[in-house]
Amino acid sequence: MLDPKFIRENPDLVRESLKKRRDSAPLDEILELDTERRRKLIELEDLRRERKEVSRQKRAKVEEGRDLRVMIKGLEDEVRNIDEQLAELLLQVPNVPHPSVPLGKDDSDNVVVRTSGEPKSFDFTAKPHWQLGEKLGIIDFERGVKLSGSRFYVLEGLGSHLQRALINFMLDLHTSEHGYKEIYPPFMVKRECMVGSGNLPKFADNLYHDEIDDFWFVPTAEVPLTNLYRDEIISPGILPLYHVAYTACFRREKMSAGKDTRGIKRGHQFDKVELYKFTDAENSNDELEKMVSNAEVICQRLEIPHRVKQLCTADLGFASQKSYDIEMWAPGCEEWLEVSSCSNCGDFQARRANIRHRPTPESKPEFVHTLNGSGLALPRVLIAVLENYQQPDGSIVVPKVLKKYVGVGVIK
RNA sequence: GGAGGGAUCGCAUAGUGGUCUAGUGCGGCCGCCUGCUAAGCGGUUACCCUGCGAAAGCGGGGUCGUGGGUUCAAAUCCCACUCCCUCCGCCA
C-alpha cells in the first residue's frame, strides 16, 4: 500500500507511475475521498472535544451531551464508511516503480541484464522432461491426474529423491554461505496475512481457501515470511534480516488456464525455496542485487545456462518497485524457464503489514523495506536438470553438487 | 468438541462508571553524585490520525486484545469475536 500522505502530496507522480504500469487504479476517487475524510474528521474531533468539556461538568448539561452523542455517532459512522472505502481503494494501487526500472509496454520489453553459461549442444535430439521423466519412471502424470486432476503429477523414486536433494542443496547453500536463517513457516495462513503481503483482496482468484476456518493456502513462502513481523517494531541493530524457507506453494492458476499444461512447469502445487529480506530504506536496492546473485549461485553450481532479466514497468509485480527474473535454459522444451523472481517491494508490504523498525533507540519507527526472491522454484529447476543432463539413452547424469544428496551418479 | 480462567504503557502489576490527563515497580534513556562499578538521587519513557508550519515544534482527536452497544461520561457495564492458559475428549 502506498502512503495516503504520499499520494496526497505527489498525485502526479502516482498518476505517472500508474500509466507506466498500465494500471487503472482509481486515483482520483482516492484523492476526493481523502479530502472528504479529513474535512469530516476535523468536524468530528471538534465535537469530541466539546463532549469532553460537557461531560466534565457531570450532570449539569445532560441535554447538551445527549445531542452531542447523536451528532458524534453520526459523524463517526460517516468517517468509518469513508475509511473503509478508502482502504479498499488504496489496496488496489500498485507500488511505484523505482526510477531505474526500464519503461515498457509488456514482458517483451524486459531487459536481459546478463547471460551465463553456453546452452549445451547435443549430438542427438534433446527430449523434453515429460518424456524423460515418464520413461525413467520418476514422473507419473496419469496417476497425478487420477489423484487430483489436471496440473498434478506424482514424483517417484529418484525423481522424488532428486527434488528433495535440490531442496536440501539450496537450503544448505543459502544458510551456510549466504547468511540466511532457515524458517519453517505454516503453509496455511489467516486472511490478514494475505492482505499484508498484497495477495488479497486483489488476487483472491489465484488462491486456495478453506471456507470453514478461513485458512488461506500460501501461494509462496513470501506470504508467511512477510507476516513474521507483522504489527511489530523491530529494535535497533537487528536489520538486515535474511530468511530462507522451503514451502509447498499452492496456486489456482485460473489466469493461465490452458497454458503450459504439458509437463511439470506449471502445477497447482509446487515446492520452492524462498529468500526473504527485511532491510532499511537506504540499502534495499543493494540488497536486491545481492539477493539476485545469491539465487544465481544455485544455477552456477548446478552448471545450468541461465540469464538474468530486469522487468520493465508494465511487467512489474503489484507490490514490487524493482524486479529481476532468473531464467534457466531448458534444451528439451526449448525455452527459458523462469526459476526465480527477485523483487524489492520497498515499504509497500511493510506498510500493509505494519512492519517497522527503529534505526536508533531515539528515533521514530520507520517502515522497513522487504525483498523476496525464489532461490529457486523446484519443478522448473528439476526440468532444467533433467533436460540439460540427459544422455542419448534417456538417462540423467546427476549434477556434481547433488551427488552427495542423491547418492547415485546417474538416473536410469 | 466440552468446562473454567485470562488479555492494561518494553516486562510485571494496580485500577469495577467521573480527580485515569491510566498509578506503581522493574528495565531503558538523560543528568547528578561518586577512585571504578554498584547503590542512591532527579528527570524522562508508546503508537496512530489530524490542523498550522519550510522545519524544529505547537495544538486537537484516538488507542487498556478486536469490533459493536449502553451512558452526559466507559479500562471499568452489556453483546459478539480473536488469541492465550488449565482440565477433559480426540489425534500424527
Side-chain angles (χ1 to χ4, degrees), chain A residues 1-11 13 30-91 93 184-196 200-201 209-216 224 227-239 241 247-248 278 280-281 347-368:
Chain A
M1 173 165 93
L2 297 182
D3 185 357
K5 265 180 249 166
F6 177 82
I7 298 179
R8 189 187 305 152
E9 285 157 18
N10 305 279
L13 198 158
I30 288 171
L31 290 168
E32 276 169 40
L33 269 178
D34 178 62
T35 309
E36 193 187 341
R37 169 177 174 274
R38 283 180 297 145
R39 198 169 48 229
K40 291 218 192 283
L41 209 55
I42 292 166
E43 218 178 307
L44 172 62
E45 286 174 2
D46 245 28
L47 289 176
R48 288 210 270 229
R49 182 165 39 76
E50 213 177 320
R51 173 177 66 185
K52 261 189 185 173
E53 282 161 16
V54 167
S55 74
R56 232 189 292 270
Q57 298 167 48
K58 310 230 169 143
R59 303 193 159 276
K61 291 190 171 176
V62 172
E63 282 304 319
E64 207 179 325
R66 210 167 279 167
D67 292 344
L68 273 173
R69 184 177 70 206
V70 173
M71 285 194 284
I72 287 172
K73 201 157 286 177
L75 258 178
E76 276 175 345
D77 287 344
E78 287 178 45
V79 171
R80 190 181 310 145
N81 202 308
I82 294 172
D83 278 344
E84 279 165 18
Q85 288 178 54
L86 202 53
E88 182 78 25
L89 293 175
L90 280 169
L91 291 176
V93 181
Y184 174 82
F187 293 7
M188 301 188 294
V189 297
K190 297 196 271 191
R191 175 182 297 267
E192 300 96 278
C193 291
M194 287 296 178
V195 175
L200 283 179
H209 176 219
D210 160 51
E211 296 282 346
I212 295 172
D213 294 312
D214 200 28
F215 279 128
W216 296 76
N227 284 276
L228 277 180
Y229 299 94
R230 180 157 49 91
D231 294 322
E232 291 190 31
I233 299 172
I234 297 169
S235 304
I238 307 279
L239 297 183
L241 284 166
T247 68
F278 298 89
D280 57 30
D347 65 4
F348 187 86
Q349 284 179 327
R351 200 176 291 283
R352 282 177 167 234
N354 192 27
I355 308 163
R356 290 170 293 171
H357 77 112
R358 226 184 274 281
T360 69
E362 297 77 31
S363 42
K364 287 256 140 206
E366 293 173 11
F367 286 106
V368 301

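Every value quoted in this text rests on a predicted model; they were computed, and no experiment measured them.
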Engineer: Can you check each nucleotide of nucleotides 59-71 of chain B against protein heavy atoms at under 4.0 Å and return B for base, S for sugar-phosphate only, - for none, in 5' to 3' order?
Structural biologist: -BSS-----S-SB
Engineer: Say you pick atom P in B:G15 and the same atom in B:C52; how far apart are they, in whole Å?
Structural biologist: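 Each nucleotide's P atom is 44 Å from the other's.
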Engineer: For B:U86, what is the paired nucleotide under Watson-Crick or G-U wobble rules, both distances under 3.5 Å?
Structural biologist: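 B:A3 is the nucleotide pairing with B:U86.
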Engineer: Can you name the residues that form a salt bridge (Lys or Arg N to Asp or Glu O under 4.0 Å) with A:Lys73, not counting sequence neighbours?
Structural biologist: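 For A:Lys73, no residue satisfies salt bridge (Lys or Arg N to Asp or Glu O under 4.0 Å) once neighbours in sequence are set aside.
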Engineer: Between A:Phe278 and A:Tyr229, what is the ring plane arrangement, given parallel below 30°, perpendicular above 60°, and tilted in between?
Structural biologist: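 A:Phe278 and A:Tyr229: perpendicular rings.
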Engineer: Work out how far the P atom of B:G4 is from that of B:U8, and round it to whole angstrom.
Structural biologist: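 To the nearest whole Å, 22 Å.
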Engineer: So which nucleotide does B:G57 pair with, by the Watson-Crick or G-U wobble rule with both distances under 3.5 Å?
Structural biologist: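 Looking at the geometry, B:G57 pairs with B:C52.
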Engineer: So, do A:Ile7 and A:Leu90 sit near enough that their side-chain heavy atoms are less than 4.5 Å apart?
Structural biologist: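 Side chain of A:Ile7 against side chain of A:Leu90, heavy atoms only: contact under 4.5 Å found.
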Engineer: Does A:Asp46 have any side chain to side chain donor-acceptor pair (under 3.5 Å) partners at least two apart in sequence or in another chain, and if so, which?
Structural biologist: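 Testing A:Asp46 for side chain to side chain donor-acceptor pair (under 3.5 Å), a comparison that skips the adjacent residues, returns A:Arg49.
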Engineer: Which comes earlier along RNA chain B counting from the 5' end, the contact point of A:Glu64 or that of A:Ser363, where each point is its nearest nucleotide?
Structural biologist: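 Looking at the nearest nucleotide for each, A:Ser363 comes out on the 5' side.
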Engineer: Using the C1' atoms only, state how far B:U66 lies from B:A56, rounded to an integer number of Å.
Structural biologist: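 Straight-line distance between the two C1' atoms is 37 Å.
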Engineer: Please report, rounded to the nearest Å, how far the P atom of B:U21 is from the CD atom of A:Glu53.
Structural biologist: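 In whole Å, B:U21 P lies 14 Å from A:Glu53 CD.
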Engineer: How would you list, by chain and number, every residue that makes a salt bridge (Lys or Arg N to Asp or Glu O under 4.0 Å) with A:Arg39, sequence neighbours excluded?
Structural biologist: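 Partners of A:Arg39 by the salt bridge (Lys or Arg N to Asp or Glu O under 4.0 Å) criterion come out as none, since no residue qualifies.
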Engineer: Report yes if some heavy atom in the side chain of A:Leu91 is under 4.5 Å from a heavy atom in the side chain of A:Met1; otherwise report no.
Structural biologist: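 Yes; the side chains approach each other to less than 4.5 Å.
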Engineer: Using atom P of each nucleotide, how far apart are B:G65 and B:C11 to the nearest Å?
Structural biologist: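 Pairwise P distance, B:G65 against B:C11, rounds to 13 Å.
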Engineer: Can you find a side chain N or O atom of A:Lys364 that sits less than 4.0 Å from OP1 or OP2 on B:C47?
Structural biologist: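 Checking A:Lys364 against B:C47: at least one side-chain N or O falls below 4.0 Å of OP1 or OP2.
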Engineer: Please state the C1' separation for the pair B:G89 and B:G2 - nearest whole angstrom.
Structural biologist: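 Those two atoms are separated by 8 Å.
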Engineer: Any strand is fair game: report the nucleotide pairing with B:A46 by Watson-Crick or G-U wobble, both distances under 3.5 Å, or none.
Structural biologist: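 Pairing partner: B:U63.
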Engineer: With sugar-phosphate meaning primed atoms plus P, OP1 and OP2, does A:Arg356 contact a base, only sugar-phosphate, or nothing at under 4.0 Å between heavy atoms?
Structural biologist: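 If one applies the 4.0 Å heavy-atom cut-off, A:Arg356 turns out to touch the sugar-phosphate alone, with no base involved.
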Engineer: Distance check, P atoms only: B:C41 and B:G25, in whole angstrom units.
Structural biologist: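 One P to the other, the span is 10 Å.
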Engineer: B:U63 and B:C9: how far apart are their P atoms, nearest whole angstrom?
Structural biologist: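 It works out to 15 Å between them.
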Engineer: Please find the pair of heavy atoms, one from A:Pro365 and one from A:Ile233, that lie closest to each other, and give the distance.
Structural biologist: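 Shortest heavy-atom separation between A:Pro365 and A:Ile233 comes out as CG-CD1, 4.0 Å.
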Engineer: Toward the 5' end of RNA chain B, which comes first, A:Val54 or A:Asp34, by nearest nucleotide?
Structural biologist: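 Nearer the 5' end of the strand: A:Asp34.
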Engineer: Check whether any side-chain nitrogen or oxygen of A:Arg358 sits under 4.0 Å from OP1 or OP2 of B:A46, and answer yes or no.
Structural biologist: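 The answer is no; no side-chain N or O of A:Arg358 sits under 4.0 Å from OP1 or OP2.
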Engineer: Whole angstrom is fine here: how far is it from CD in A:Glu192 over to C1' in B:C81?
Structural biologist: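 About 12 Å, once rounded to whole Å.
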Engineer: Can you name the salt bridge (Lys or Arg N to Asp or Glu O under 4.0 Å) partners of A:Asp214, sequence neighbours left out?
Structural biologist: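 With neighbours one apart ignored, the set is A:Arg191.
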Engineer: Once you round it to whole Å, what is the distance between C1' of B:C81 and CG of A:Asp214?
Structural biologist: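 Between C1' of B:C81 and CG of A:Asp214: 13 Å.
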Engineer: When both hydrogen-bonding distances must be under 3.5 Å and the geometry is Watson-Crick or G-U wobble, what is B:U70 paired with, if anything?
Structural biologist: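 Looking at the geometry, B:U70 pairs with no nucleotide.
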Engineer: A:Pro365 side chain: which of B:C47, B:C83, B:U50 is closest?
Structural biologist: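 For the A:Pro365 side chain, the nearest candidate turns out to be B:C47.
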Engineer: Rounded to whole Å, how long is the line connecting atom CG of A:Leu47 with atom C1' of B:A73?
Structural biologist: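 The answer, rounded to whole Å, is 16 Å.
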Engineer: Using a cut-off of strictly less than 4.0 Å, decide whether A:Arg38 has a side-chain nitrogen or oxygen near OP1 or OP2 of B:G51.
Structural biologist: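 For A:Arg38, the contact criterion (side-chain N or O under 4.0 Å from OP1 or OP2 of B:G51) is met.
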Engineer: Starting from C1' on B:C9, measure out to CD1 on A:Ile233 and report it in whole angstrom.
Structural biologist: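 Those two atoms, CD1 and C1', are 12 Å apart.
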Engineer: In the structure shown, which nucleotide is the Watson-Crick or G-U wobble counterpart of B:U34, with both distances under 3.5 Å?
Structural biologist: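 When the pairing criteria are applied, nothing turns out to pair with B:U34, so the answer is none.
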Engineer: Within this structure, what is the CD-to-P distance between A:Glu36 and B:C49, rounded to whole angstrom?
Structural biologist: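 Atom-to-atom, A:Glu36 to B:C49, this comes out as 20 Å.
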Engineer: Given that both distances must come in under 3.5 Å, which nucleotide forms a Watson-Crick or G-U wobble pair with B:G23?
Structural biologist: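 The base-pairing partner of B:G23, which may sit in any strand shown, is B:U13.
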Engineer: Between B:C47 atom C1' and A:Phe367 atom CZ, what is the distance in whole Å?
Structural biologist: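 So the CZ-C1' distance, A:Phe367 to B:C47, works out to 11 Å.
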Engineer: I'd like to check the salt bridge (Lys or Arg N to Asp or Glu O under 4.0 Å) partners of A:Asp34; sequence neighbours left out, ordered by chain and number.
Structural biologist: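 A:Arg8, A:Arg38.
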Engineer: Between A:Arg351 and B:C48, does any side-chain N or O lie under 4.0 Å from OP1 or OP2?
Structural biologist: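 No, no such contact exists.
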Engineer: How many whole angstroms separate atom CD1 of A:Ile42 from atom P of B:G51?
Structural biologist: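 Whole-Å distance recorded here is 5 Å.
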Engineer: Which whole number of Å gives the distance between the C1' atom of B:G17 and that of B:U76?
Structural biologist: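 One C1' to the other, the span is 7 Å.
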